[in-house]
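Have a look at the structure below, then the notes.
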2 protein chains.
Amino acid sequence: MQRGGPAAKNFSKDDVRVVLVAPRNPLNIGAAARAMANFGFTQLRLVNAYEVAYREARSAVGAASLLASAHEYANLADAVADCALVVGTTSVGHRELQHPLRRLENGARLIRHARGPVALLFGSEKFGLSNEDMSHCHWLMRIATVDVNHSMNLGQAVAVCLYELSRDARAAAAQPEKLKVARAADTEQITAMLVEALERSGYIKPLTAESAKAKVRRLVRRLNLSNRDAPVVLGMIRQILWKLDGPQHS
Amino acid sequence: MQRGGPAAKNFSKDDVRVVLVAPRNPLNIGAAARAMANFGFTQLRLVNAYEVAYREARSAVGAASLLASAHEYANLADAVADCALVVGTTSVGHRELQHPLRRLENGARLIRHARGPVALLFGSEKFGLSNEDMSHCHWLMRIATVDVNHSMNLGQAVAVCLYELSRDARAAAAQPEKLKVARAADTEQITAMLVEALERSGYIKPLTAESAKAKVRRLVRRLNLSNRDAPVVLGMIRQILWKLDGPQHS
């Protein structure tokens with residue numbers, strides 16, 4: 001078994017049914033659809049949705065067709081009938097839960113390894129999933145928030161869950177790309193020209209010139225310039241030197 | 001260095017400044033505040049926010065005080081002045097980016113290991129961060145969505161980023177808790193009573209009784225009953241047997 005690894009080979013986002021149970025706010029339904037489109041999920045199901053026009057929700061930016069093709073069900077049993085795994089989401093308030101409860105990080109991994117269609121249930125904005133709703137679930141999943149008394153917004157909860165299902169653990173472990181650092185010859189040329197500019201402008205005094213030069217050399221190394229930036233910096237100093245030269249020769 | 005591991009020891013969520021640059025919709029500002037409260041972040045900053053009353057946004061459920069204490073700035077330089085690391089978020093549309101671009105999974109890890117305050121920038125709903133805004137950033141971060149032409153909703157993007165910053169990789173790797181399975185004595189008693197019920201009800205015929213019993217025994221084992229469920233199932237079958245007995249003795 002992969003440990004928090006990338007999506008399982010057989011995992012298809014089309015196998016995930018996002019099921020909104022008794023949602024009330026059309027804007028939240030639209031937001032859920034938008035998050036689905038963002039992360040590449042396609043199957044939206046609504047159970048007992050409040051009878052207002054949600055199919056044209058303005059919040060479904062980029063997800064109008066997804067929203068238009070959403071399926072409506074009169075009860076939860078029908079909405080999950082074709083699913084092999086039914087997972088409920090909960091913010092876990094005061095209620096005693098009769099189900100295994102997994103953190104999203106963990107539950108998403110199990111969902112990616114599930115065989116067959118998976119229903120991912122989200123309850124109403126106000127009450128979440130009822131005990132009756134939960135009894136249809138194999139297990140429950142929660143987003144680990146700091147304050148269990150305040151649940152997440154429905155659209156945001158859907159976004160976070162689908163993000164985790166889409167997450168690539170290999171990307172997390174990737175090391176920052178290494179910029180090619182400038183060659184020593186270039187940093188030394190920068191050092192020399194900067195010292196010259198500082199001498200001409202009077203920043204470096206003849207008496208302490210030697211120690212000042214060493215200081216500048218160390219500073220230039222600490223900048224850790226890339227081989228792309230080194231010529232730019234060189235050009236800047238060269239131009240300043242040219243200007244510093246100006247008055248002396250004019 | 002930890003590889004996608006839990007939050008670094010020194011990481012404090014209070015060190016993260018969530019900076020909304022030129023946000024337009026008060027509901028989105030409220031939603032961002034709500035996500036911050038959900039995940040335990042406290043420092044909200046607004047740059048050049050559209051002059052409408054956002055401080056009372058209804059969408060800031062559970063985050064009213066956080067929203068009330070948000071700081072406003074006239075320009076981005078002031079808003080990030082105290083930060084050691086400035087990270088811009090982008091959906092990466094058509095624009096050529098002049099910055100290192102990291103996936104959220106990766107960037108969040110670097111942020112958790114940063115020393116000192118970190119600014120996390122979100123651009124306006126319509127245009128995202130401008131090139132000018134981005135020039136204040138050390139690097140950029142993107143949420144890996146499937147369709148780069150459709151960006152995420154601002155409140156949802158904030159929620160997903162803060163979720164990733166709060167994510168616990170150890171939880172992802174956790175193995176499902178093992179339920180204690182029923183003892184063989186209990187499953188065998190279930191088998192025996194179920195066989196009896198099936199014989200009395202006529203499901204098992206005398207001619208094929210032996211093979212049927214073995215079938216039932218295998219099926220009961222496949223149910224993999226927990227030691228909590230075994231007595232419940234036993235009670236159910238016992239009651240059914242009692243009822244099956246009824247008519248014969250009355």
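Small disclaimer: the values here were computed from a predicted structure and weren't measured.
- When each of A:A144, A:A157, A:A31 is checked for heavy-atom pairs under 4.5 Å with chain B, A:A31 comes out on top.
- Residues B:D168 and A:E105 come closest through the heavy atom pair N-OE2, 3.0 Å.
- When every heavy atom of A:T145 is checked against every heavy atom of B:N38, the shortest pair comes out as CB-O, 3.1 Å.
- Annotation for B:A159 and A:M152: closest pair CB-CE, 4.2 Å, computed over non-hydrogen atoms.
- Proximity to chain B (any heavy atom under 4.5 Å) is shown, for A:F39, by both the backbone and the side chain.
- In this structure, chain B has a heavy atom under 4.5 Å from the side chain of A:I143, while its backbone stays farther away.
- In terms of heavy-atom proximity, B:S166 sits nearest to A:R103 at O-NH2, 4.3 Å.
- Contact record, A:Q156 with B:A35: NE2-CB, 3.7 Å, taken as the closest heavy-atom pair.
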